[in-house]
Amino acid sequence: MRDDNCIFCKIANGEIPTTTLYEDEDFRVILDLGPASKGHALILPKEHAANVYELPDEMAAKAFVLAKKMAKKLSDGLKSDGLNIVQNNGEPAGQTVFHFHMHLIPRYKGDKDSVRLTWDQGTLTEENKQEILEIFK
Ligand code: AMP
Ligand code: ZN
């Protein structure tokens, strides 16, 4: 299903022009318009899913295989020193466009001041550990 109000539906299906790096029946891979680093790309499924929870298993599997391929090609081509694969779900997690997408962010030595994907390390408390383990019982 495609969502008429979704900009990534329009981009993924070629209704809005973008810089396309790769396209197949299920996905379009584009350059991010506000790149965190040189080569920052987005993997967009052509079918609308707001987030990872809505993404069909088959598409999730295909998306990661494609991410792997694109990551290798970007890293080799740009001679990056590393690469982050990032995928945000929900506003608190930093999602701003509510159509599932994966970020491929090539990393270069010394880019830590402009690309920040870090967090303060907390402590795994016994209470939290038990609560979480309970969910998986
Ligand atoms: P997120 O914060 O994970 O939802 O990521 C949304 C990403 O989409 C951001 O990195 C934006 O720079 C990027 N973005 C938004 N609109 C466009 C667009 N029209 N073309 C390319 N990238 C876009
Ligand atoms: Zn969409």
Side-chain angles (χ1 to χ4, degrees):
M1 208 185 73
R2 282 153 204 181
D3 180 338
D4 287 346
N5 299 313
C6 173
I7 184 167
F8 278 7
C9 276
K10 292 193 173 86
I11 289 175
N13 293 285
E15 290 160 34
I16 294 178
T18 43
T19 309
T20 296
L21 304 180
Y22 172 86
E23 185 186 0
D24 65 23
E25 197 187 325
D26 300 311
F27 297 95
R28 183 185 294 270
V29 183
I30 66 167
L31 283 180
D32 194 295
L33 265 190
S37 69
K38 185 168 78 177
H40 183 171
L42 300 173
I43 296 181
L44 313 179
K46 291 187 175 179
E47 291 294 315
H48 183 82
N51 48 43
V52 73
Y53 315 112
E54 287 188 6
L55 192 69
D57 285 356
E58 190 199 352
M59 286 300 126
K62 284 184 177 176
F64 210 82
V65 172
L66 179 56
K68 188 181 148 180
K69 258 188 227 161
M70 293 300 301
K72 173 100 177 85
K73 206 147 164 80
L74 276 170
S75 300
D76 289 352
L78 292 169
K79 299 186 179 18
S80 70
D81 303 304
L83 183 141
N84 291 111
I85 297 177
V86 177
Q87 199 276 307
N88 301 324
N89 298 286
E91 218 173 307
Q95 187 175 13
T96 58
V97 180
F98 295 88
H99 173 123
F100 173 91
H101 53 280
M102 293 169 89
H103 295 261
L104 301 172
I105 306 176
R107 299 299 303 271
Y108 304 91
K109 276 183 190 129
D111 72 4
K112 281 204 177 79
D113 290 338
S114 52
V115 187
R116 286 173 296 278
L117 298 168
T118 59
W119 52 86
D120 295 342
Q121 279 202 336
T123 306
L124 178 59
T125 64
E126 193 54 34
E127 192 190 352
N128 285 354
K129 189 164 87 181
Q130 292 311 328
E131 183 186 339
I132 295 156
L133 283 172
E134 203 56 42
I135 300 167
F136 290 89
K137 275 187 179 158

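Atoms within a ligand are numbered from 1 in the order they appear, just like the ligands themselves. Not measured: the values here are computed from a predicted model.
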Asks: How would you list, by chain and number, the residues with a heavy atom under 4.0 angstrom from ligand 1?
Replies: I7, F8, I11, I30, L31, D32, L33, G34, L42, N88, G94, Q95, T96, V97, H101, H103
Asks: Please report the interatomic distance CG(N5) to NE2(H48), rounded to the nearest 0.5 Å.
Replies: 9.5 Å
Asks: For a 4.5 angstrom cut-off between non-hydrogen side-chain atoms, does F100 reach E54?
Replies: no
Asks: Flag yes if more than 12 heavy atoms outside K10 fall under 6.0 Å of its NZ atom; otherwise flag no.
Replies: yes
Asks: Report yes or no: do S80 and R107 form a side-chain donor-acceptor pair below 3.5 Å?
Replies: no
Asks: Please determine whether the number of non-hydrogen atoms from other residues, nucleotides or ligands lying under 6.0 Å from atom CG of D24 exceeds 12.
Replies: yes
Asks: Are there any protein N/O/S atoms under 2.8 Å from the Zn ion (ligand 2), and if so, which?
Replies: C6 SG, C9 SG, H48 ND1, H99 ND1
Asks: Name all residues meeting the salt bridge (charged side-chain N to carboxylate O under 4.0 Å, His left out) criterion together with E126; count only those two or more places apart in sequence or in a different chain, and write none if there are none.
Replies: K129
Asks: With the threshold set at 4.0 Å, does a side-chain nitrogen-carboxylate oxygen contact exist between E23 and K46?
Replies: yes
Asks: Distance only, no hydrogens: is a donor on one side chain within 3.5 Å (strictly under) of an acceptor on the other, for N128 and Q130?
Replies: no
Asks: Using distance only, find each side-chain donor-acceptor pair of residues 30-45 under 3.5 Å and give its atom names and separation, not counting sequence neighbours.
Replies:
from	atom 1	to	atom 2	distance (Å)
D32	OD1	G34	N	2.7
S37	OG	P106	O	2.6
H40	ND1	A36	N	2.9
H40	NE2	H103	ND1	2.8

